[in-house]
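All figures in this text were calculated on a predicted structure; none of them were measured in a lab. Just follow the structure's listing: the first ligand is 1, and inside any ligand the first atom is 1. Only heavy atoms go into these numbers, but all of them, side chains included; no hydrogens, no water, no symmetry mates.
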Amino acid sequence: MHELSIAESVVQIASRHANGRRVTKVWLKVGHLRQVVPSALGFGFELVAEGTPVEGAELELENVPAAGLCSNCGAKSQLGNFPLKCGACGGFDLELLSGEELFVESLELEEV
Ligand SMILES: [Zn+2]
């Protein structure tokens, strides 16, 4: 279950940045191509956060659509599911512009 390992790194990053304070909310940017199942990630997050400064924090996912630049026709298109192909010419030779994001965008910390 790859959501669990994602949850682990999110909790690690959040704990590190919290610097001893409690984390109340975590905003996570997730690219479409990461194929993260939000409910599984939420569950893993709760599990891993137990006993850390992140325990009880809300996890907010922001989905980033996938986009690619076609090396065949030069069109920029939004990408759906695999296999990824250009929306204009149907070509498969794409340079990914977005969709592989996976990072903690911001944290909300408890006021001290
Ligand atoms: Zn194309």
With sequence neighbours left out, write down each residue that passes side chain to side chain contact (heavy atoms under 4.5 Å, CB included) with Lys76, or none if nothing qualifies.
Leu69, Leu97

Using a cut-off of 6.0 Å, state whether more than 12 heavy atoms not belonging to Glu111 lie near its atom CD.
no

Using 0.5 Å steps for rounding, measure from the CZ atom of Arg22 to the CG atom of Leu109.
11.0 Å

Hey, is CD on Glu101 packed in by over 12 heavy atoms from elsewhere, all under 6.0 Å?
yes

For the Zn ion (ligand 1) the protein N, O or S atom count under 2.8 Å stands at 4

Hey, does Leu107 have a side-chain heavy atom less than 4.5 Å from the side chain of Val54?
no

Could you check whether Arg21 pairs with Glu110 (Lys NZ or Arg NE/NH1/NH2 to Asp/Glu carboxylate O, under 4.0 Å)?
no

